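Since the model is a prediction, treat every value here as computed from it, not as a measurement.
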Amino acid sequence: MNRRTFFTLASTAAAAVVLHRAALAARPETIDAAWYERSRRFANLPMGRIAYVEAGRGPAAALFLHAFPLNSFQWRGALQRLQPYRRCIAPDLMSMGRSEVPETQLIAPDTQVEMLAALLDSLHVTTVDLVANDSGGLVAQLFLARHPHRVRSLLLTNCDVDKNNPPPNFLPAVVLARKHIFAERFIMPQLADKNFARSPRGIGGQAFTWPQHLADETIEIYLRPLVETPLRKTQLDAYTVSMALNELDGVRDNLRAWKGPARILWAMKDTFFPVSTADWLSQTLPGSRGVRRIEQANLFFPEEMPDLIAEEAHRLWSSL
């Protein structure tokens with residue numbers, strides 16, 4: 001091999017290494033439990049130390065609001081797929097996940113709205129595309145009613161709607177919380193027996209489409225923070241009781257006045273939120289793009305079907 005050939009081959013190999021490293025750098029990290037641990041951030045707000053994660057960059061932001069009693073880990077699949085298109089922000093609502101709030105802080109859907117507005121202010125985010133599930137959808141509607149100019153678009157999945165707030169199936173949890181035994185009776189048995197958590201009496205059987213696929217690690221991530229201290233148990237009870245009050249009764253006119261684009265996805269196996277309420281929501285929101293019915297899916301399907309969430313979100317955002 002002559003010298004010129006050697007240097008040509010060496011240069012080509014070096015260029016290939018650089019391109020390979022650039023491709024690896026451009027490839028998004030896998031958003032999993034390990035990513036959450038090293039990527040979690042905290043915002044010091046008047047309400048407390050609020051945990052959140054961010055994925056993606058760009059001038060536009062999307063805010064993901066999780067279900068009860070989960071946390072932002074629910075959105076990991078959606079964040080993985082949507083980070084090329086938005087600055088994706090997923091907070092842990094007060095009393096859930098790794099958010100820490102003082103004993104004196106009132107925790108209710110309306111104060112969650114105040115916290116979210118403060119969080120966005122701290123991150124210098126003016127407007128967001130809202131994506132929400134379950135009680136996160138309740139908070140999303142209240143946020144839209146109070147801050148309509150901060151919401152660019154709305155993607156709602158099964159959640160409290162109008163008079164179905166709270167849903168009748170949620171009231172047994174309220175009864176336990178009023179007796180200050182919700183954590184002991186509902187949360188702790190599922191941590192002690194993960195198969196019970198996957199059974200029809202646990203969150204798996206009640207809210208997941210494929211409860212048999214609910215990993216032990218995921219159950220720990222969702223439920224362990226709720227019971228780590230007596231204060232956390234008390235705060236969980238307080239938030240559960242607060243959701244017994246219908247806060248959506250007074251925002252119908254606000255929903256009718258908001259003209260932004262909205263899309264509604266509804267799991268048809270869900271026993272908490274009937275599809276008739278999705279139809280009401282679609283008829284009430286002037287900018288609704290209709291309801292997509294998802295057969296054989298259950299309440300927490302956004303975690304299990306992130307491709308579907310990403311598809312609908314991308315389509316909605318592309319219309320802006």
Review point. Looking only at heavy atoms, which two atoms of Leu138 and Cys159 are closest? And how far apart?
Key: N-CB, 4.3 Å
Revision key, fill the gap. Closest non-hydrogen atoms of Pro91 and Leu116, given as atom of the first, atom of the second and distance, are CG-CD2, 3.8 Å
Check your understanding: With no hydrogens and no angle check, is any side-chain donor or acceptor of Asp237 less than 3.5 Å from a backbone partner on Arg178?
Key -> no
Check your understanding: Which value, rounded to the nearest 0.5 Å, describes the distance between Leu130 atom CG and Leu154 atom CG?
Key -> 6.0 Å
Study note, to complete from the structure: OH (Tyr239) and CE (Met94) are apart, to the nearest 0.5 Å, by 8.0 Å
**Study point:** Verdict with reasoning, Val53 to Trp35, per side chain to side chain contact (heavy atoms under 4.5 Å, CB included)
**Key:** CA-CA 10 Å; Val53 295; Trp35 181 93; 3.8 Å; yes
Practice item. Return the minimal non-hydrogen interatomic distance between Trp258 and Pro286, and the atom names on each side. Key: O-CD, 3.1 Å
Practice item. Would you check if the side chain of Thr218 reaches a backbone N or O of Leu214 as a donor-acceptor pair within less than 3.5 Å? Key: no
Point to revise | Exam field: side chain Ser288 to backbone Leu285, donor-acceptor pair closer than 3.5 Å | key: no
Check your understanding: Taking atom types as modelled, is there a side-chain donor on Ser72 or Asp92 under 3.5 Å from an acceptor on the other?
Key -> yes
Check your understanding: Has the side chain of Thr30 got a donor or acceptor atom that lies under 3.5 Å from a matching backbone atom of Asp32?
Key -> no
Practice item. Give a yes or no on whether the backbone of Ala61 and the side-chain of Arg152 come within a donor-acceptor separation of less than 3.5 Å. Key: yes
Point to revise | Stepwise side chain to side chain contact (heavy atoms under 4.5 Å, CB included) test for Leu79 and Phe64 | key: CA-CA 9 Å; Leu79 268 59; Phe64 295 79; 3.9 Å; yes
**Study point:** Phe73 six-ring face occupied by Arg76 cation (under 6.0 Å, within 45°)
**Key:** yes
**Study point:** Value rounded to 0.5 Å, distance of CG in Asp216 from CD1 in Ile221
**Key:** 11.0 Å
Check your understanding: Side chains of Leu265 and Leu156: closer than 4.5 Å at any heavy-atom pair?
Key -> no
Review point. Where does the angle between the aromatic ring planes of Phe186 and Phe182 fall among parallel (under 30°), tilted (30 to 60°) and perpendicular (over 60°)?
Key: parallel
**Study point:** Note, Val291 side chain near Arg263 side chain (heavy atom, < 4.5 Å)
**Key:** no
Practice item. Take atom CZ of Arg256 as the centre, draw a 6.0 Å sphere, and report whether it contains more than 12 heavy atoms from other residues, nucleotides or ligands. Key: yes
Exercise for review: Compute whether any side-chain donor of one residue and acceptor of the other, for Arg289 and Ser319, lie under 3.5 angstrom apart.
Suggested key: yes
Review point. What are the two closest non-hydrogen atoms of Ser135 and Met243, and how far apart are they?
Key: CB-SD, 3.8 Å
Review point. Taking C-beta and beyond as the side chain, do Trp210 and Asn298 meet within less than 4.5 Å on heavy atoms?
Key: no
**Study point:** Derivation of the side chain to side chain contact (heavy atoms under 4.5 Å, CB included) call for Arg98 and Asn71
**Key:** CA-CA 8 Å; Arg98 291 298 172 186; Asn71 53 57; over 6 Å; no
Review point. Distance-only, no hydrogens or angles: does the Gln74 side chain make a donor-acceptor pair with backbone N or O of Ala67 under 3.5 Å?
Key: yes
Exercise for review: Consider only side-chain N and O atoms of Thr127 and Arg150, and report whether a donor and an acceptor are under 3.5 Å apart.
Suggested key: no
Practice item. Output yes when Glu100 and Arg232 qualify as a salt bridge under the 4.0 Å nitrogen-oxygen rule, no when they do not. Key: no
Exercise for review: Looking only at non-hydrogen atoms, find the nearest pair between Val227 and Ala183 and report the distance.
Suggested key: CG1-CB, 3.8 Å
Review point. Judged by modelled atom types alone, do Gln190 and Tyr222 share a side-chain donor-acceptor pair under 3.5 Å?
Key: no
**Study point:** Basic-acidic side-chain contact under 4.0 Å: Glu228, Arg224
**Key:** no
Point to revise | Note, Asp160 side chain near Phe272 side chain (heavy atom, < 4.5 Å) | key: no
Check your understanding: Would you find a donor on one side and an acceptor on the other, under 3.5 Å apart, between the side chain of Ser39 and the backbone of Tyr36?
Key -> no
Review point. Taking only residues two or more places apart in sequence or in another chain, which ones pass ring pair (Phe, Tyr, Trp, His ring centres under 6.0 Å) with Phe301?
Key: none
Exercise for review: Before giving the answer on side-chain hydrogen bond (donor to acceptor under 3.5 Å, both in side chains), spell out for Asn165 and Glu247 the whole-Å C-alpha distance, their side-chain angles and the decisive distance to 0.1 Å.
Suggested key: CA-CA 7 Å; Asn165 170 221; Glu247 297 208 41; over 6 Å; no
Exercise for review: Please say whether more than 12 non-hydrogen atoms of neighbouring residues, nucleotides or ligands are located less than 6.0 Å from CZ in Arg292.
Suggested key: yes
Review point. Does any N or O in the side chain of Asp134 come within less than 3.5 Å of the main-chain N or O of Phe68, such that one atom is a donor and the other an acceptor?
Key: yes
Check your understanding: So, Gln235 side chain and Ile107 main chain: donor-acceptor pair closer than 3.5 Å or not?
Key -> no
Point to revise | Cluster overlap Phe196 with Leu226, hydrophobic side-chain contacts below 4.5 Å | key: no
Point to revise | Residues, nucleotides or ligands: over 12 heavy atoms within 6.0 Å of Arg293 CZ | key: yes
**Study point:** salt bridge (Lys or Arg N to Asp or Glu O under 4.0 Å) partner of Glu54, the single match among Arg86, Arg41, Arg40
**Key:** Arg41
Check your understanding: Does a side-chain heavy-atom distance below 4.5 Å link Leu65 with Val131?
Key -> no
Practice item. Could you walk me through whether Thr209 and Met305 pass side chain to side chain contact (heavy atoms under 4.5 Å, CB included), step by step? Key: CA-CA 10 Å; Thr209 309; Met305 304 178 187; 4.1 Å; yes
Check your understanding: Between Glu311 and Arg81, does at least one N-O distance fall below 4.0 Å, as a salt bridge requires?
Key -> no
Exercise for review: Using the side-chain hydrogen bond (donor to acceptor under 3.5 Å, both in side chains) rule, take Thr157 and Asn133 through it: C-alpha gap first, then chi angles, then the decisive distance, then the call.
Suggested key: CA-CA 5 Å; Thr157 63; Asn133 176 235; 2.8 Å; yes
Check your understanding: CG/Leu223 to CD/Glu220 distance, rounded to the nearest 0.5 angstrom?
Key -> 8.0 Å
Review point. Atom CD of Gln105 and atom CE of Met47: how far apart are they, to the nearest 0.5 Å?
Key: 6.5 Å
Check your understanding: At what distance, to the nearest 0.5 angstrom, does CD1 of Ile264 lie from CG of Leu281?
Key -> 4.0 Å
Review point. Looking only at heavy atoms, what is the nearest atom pair of Pro274 and Trp266, with distance?
Key: O-NE1, 3.3 Å
Review point. Under 4.0 Å between a Lys/Arg side-chain N and an Asp/Glu carboxylate O for Arg38 and Glu29?
Key: yes
Exercise for review: Answer yes or no: is there a donor N or O on one side and an acceptor on the other, between the side chain of Asn246 and the main chain of Asp162, under 3.5 Å?
Suggested key: yes
Check your understanding: Does Asp129 pair with Arg87 as a salt bridge, N-O distance under 4.0 Å?
Key -> no
**Study point:** Salt bridge present between Asp193 and Arg198 (N-O < 4.0 angstrom)
**Key:** no
